[in-house]
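Comments concern the structure below.
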Amino acid sequence: MVGLTNGEVPVAGADGSGPPWPGGAAWADGRYGPVEEAKISVLDLGVTRSDGTYDVVHVWDGRFFRLADHLDRFTASLARLRLDPGVDRAQLEAILHGCVRHAGLPEAYVSMTCTRGRLAPGSRDLRTARPTFYCYAVPFAWVSRPEQQQTGARLWVSDLVRIPPASVDPRVKNYHWLDLDLGLLEAYDHGADLVALRDLSGAITEGPGYNVFAWVDGRWLTPAHGTLKGITRRTVIELARAAGEPVEEGRLTPDDLRRATEVLITSSAGGVMPVTVVGGQPVGNGAPGPRTGELRDRYWASHADPRYATPVRYEEPG
Ligand SMILES: Cc1ncc(COP(=O)(O)O)c(C=O)c1O
């Protein structure tokens, strides 16, 4: 773990021993508490129908990364689903700071969720539902752990079709993960760590929590459609172009993945992570590629860029 370097210190607990909930802190029912005690009703439409949206921003070295972009995406998702969390942007931002402050974490995975909430008793009229809103900060979790990134992850391309965008808009970050989870279980059965699902035309879409890129025919290729527009994806596109590497947002096929000399995944939960095996076959020479390594270095270096970094307010507001 990297120490705090943004000049702030984590909040002290009641006895002055440190932050109260280092295992994670939540904001639910209008107050902070330990994340393991935060609850949601069994009647909540977020639980019974996956009716809700969420976003996840990470904190690294005491700073949020691209917080404004995550708040923009969450705001757009809320509008698309006609959900009102009952807090404005400044309040939401303060709550996210508060969750990290109460956990005292220098590196964290920080989630914000709004569901349709509970219907009025005896009613099935969605207009009677009042949204549920909660946030939490927990220790940073990797899609592909740093040790695994040394050798690269193994990706399985599933025959399972990702829920079509015409049914559920993937640009609205959502909890429709049954296809992704079943695909991941299938990947484990084939000795892989990760899965990518396809669309109805057979093109690659995304995986559980990440976007996919391949270096093929002299450019980075990543799916233009059928995926969440990841903030890490956007960062990688910007960084690659700034370094003079062409990027195409287009149609990525399983054959492109097999021909690619480098494959990587992108996520707020781990950044830029190399894939060295696709469908049991090595990618390129079977080791993480140099372009991937450079992108990964530039990605982590960009966390200190003041355009992207928001220092966590670890001090209790006065
Ligand atoms: C389905 C899906 N695709 C892609 C991503 C990557 O998005 P980001 O880079 O904004 O974390 C996520 C993030 O969790 C996701 O859930």
Side-chain angles (χ1 to χ4, degrees), residues 46 50 52-60 64-78 80-81 96 107-114 135-138 140-144 149 153 155 157-158 160-165 167-184 187 194-199 203-214 220 222-240 247 249 252 263-275 292 295-296 298-300 302-303 308 310:
S50 301
T53 186
Y54 74 117
D55 216 292
V56 175
V57 57
H58 70 278
V59 167
W60 194 257
F64 286 98
F65 184 66
R66 301 194 76 154
L67 178 58
D69 295 317
H70 284 277
L71 294 178
D72 286 348
R73 187 172 68 183
F74 188 51
T75 303
S77 298
L78 290 168
R80 178 74 183 81
L81 301 192
L96 298 176
E107 276 85 39
Y109 173 104
V110 187
S111 184
M112 60 206 95
T113 300
C114 186
C135 300
Y136 61 85
V138 290
F140 190 85
W142 302 84
V143 172
S144 178
Q149 291 180 40
L155 177 75
V157 178
S158 175
L160 269 172
V161 172
R162 180 79 173 121
I163 299 175
S167 303
V168 174
D169 184 349
R171 294 169 303 178
V172 174
K173 197 164 156 67
N174 64 72
Y175 287 125
H176 291 269
W177 271 48
L178 198 50
D179 48 1
L180 296 169
D181 277 1
L182 289 177
L184 192 53
L194 307 172
V195 72
L197 265 53
R198 299 192 282 177
D199 65 17
I204 302 292
T205 60
E206 60 188 344
Y210 45 88
N211 293 112
V212 183
F213 286 71
W220 288 110
T222 192
H225 305 292
T227 68
L228 179 73
K229 293 289 182 320
I231 305 293
T232 325
R233 173 185 182 278
R234 188 192 309 175
T235 307
V236 162
I237 291 172
E238 290 167 2
L239 291 172
V247 183
E249 296 177 64
L252 177 68
V263 174
L264 61 84
I265 59 161
T266 62
S267 173
S268 295
V272 176
M273 295 163 279
V275 169
T292 303
L295 272 175
R296 189 170 66 150
R298 286 197 288 269
Y299 169 78
W300 286 108
S302 74
H303 285 60
Y308 295 154
T310 305

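Both ligands and their constituent atoms are indexed starting at 1 by order of listing.
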Between the protein and ligand 1, which nitrogen or oxygen pairs come in under 3.5 Å, and how far apart is each?
residue: ligand 1; atom: 3 (N); partner: E206; partner atom: OE1; Å: 2.8
residue: ligand 1; atom: 9 (O); partner: I231; partner atom: N; Å: 3.3
residue: ligand 1; atom: 9 (O); partner: T232; partner atom: N; Å: 3.0
residue: ligand 1; atom: 9 (O); partner: T232; partner atom: OG1; Å: 2.6
residue: ligand 1; atom: 10 (O); partner: R73; partner atom: NH1; Å: 2.9
residue: ligand 1; atom: 10 (O); partner: R73; partner atom: NH2; Å: 3.1
residue: ligand 1; atom: 10 (O); partner: I231; partner atom: N; Å: 2.8
residue: ligand 1; atom: 11 (O); partner: S268; partner atom: N; Å: 2.9
residue: ligand 1; atom: 11 (O); partner: S268; partner atom: OG; Å: 2.7
residue: ligand 1; atom: 14 (O); partner: K173; partner atom: NZ; Å: 2.5
residue: ligand 1; atom: 16 (O); partner: K173; partner atom: NZ; Å: 3.2

Distance-only side-chain donor-acceptor flag, T266 / Y299, under 3.5 Å: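 No pair is found: no donor N or O on one side chain lies under 3.5 Å from an acceptor on the other.
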From T222 atom OG1 to I265 atom CD1, the distance as rounded to the nearest 0.5 Å: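 Reported value, rounded in 0.5 Å steps: 11.5 Å.
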With R233 via side-chain hydrogen bond (donor to acceptor under 3.5 Å, both in side chains) - residues at least two apart: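 R233 satisfies side-chain hydrogen bond (donor to acceptor under 3.5 Å, both in side chains) with E249 only.
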Distance-minimising heavy-atom pair for A196 and I204: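 What the structure gives for the nearest pair is CB-CG2, 4.1 Å.
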Within 6.0 Å of NE2 in H176, more than 12 heavy atoms from elsewhere: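 Enclosed: over 12 neighbouring heavy atoms sit under 6.0 Å from NE2 of H176.
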Name of the residue among T310, D72, T235 meeting side chain to side chain donor-acceptor pair (under 3.5 Å) with R66: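 Checked T310, D72, T235 against R66; only one passes side chain to side chain donor-acceptor pair (under 3.5 Å): T235.
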